[in-house]
Amino acid sequence: MRKLLFPIIALLPLLSGGCVAKTAWNVATLPVKAGSQAVDWTTTSQEESDRNYGKKMREKEAREGKERRKREKECQKNPDACQYDGYRASDPD
């Protein structure tokens, strides 16, 4: 039993050496990774900014189109109440 146990104990550090080194590396680099992730969460990339702006503009255009169709329906029901002043792409107010 002793003869079998000694080689296993002797080989154990060699077999687990890579795992220990990798764990030590992960522990050492954890603060850098955490800091990097925090910066990513707090800043907005140009791609995100463009995507958000595009979404905002599509929603605005959809809202304006809905209001325009509603006004057209009202004008068709009562043409005397509406005067044509042209369409505006956006309201300056």
#### Entry: 4.5 Å side-chain heavy-atom contact, R63 and E67
yes
### Query
Is any side-chain heavy atom of K70 less than 4.5 Å from a side-chain heavy atom of E74?
yes
### Query
Taking only residues two or more places apart in sequence or in another chain, which ones pass side-chain contact (heavy atoms from CB on, under 4.5 Å) with E59?
K55
### Listed partners of S36 passing side-chain contact (heavy atoms from CB on, under 4.5 Å), at least two apart
D40
### Query
Considering all heavy atoms of both residues, which atom of E48 and which atom of T43 are nearest to each other, and what is their separation?
OE1-O, 3.9 Å
### Message
If you apply the rule side chain to side chain contact (heavy atoms under 4.5 Å, CB included), what do you find for Q37 with K33, and how did you get there?
### Response
CA-CA 6 Å; Q37 186 64 43; K33 290 179 183 178; over 6 Å; no
### Task
Sequence neighbours left out, what passes side-chain hydrogen bond (donor to acceptor under 3.5 Å, both in side chains) with N78? Give chain and number order.
none
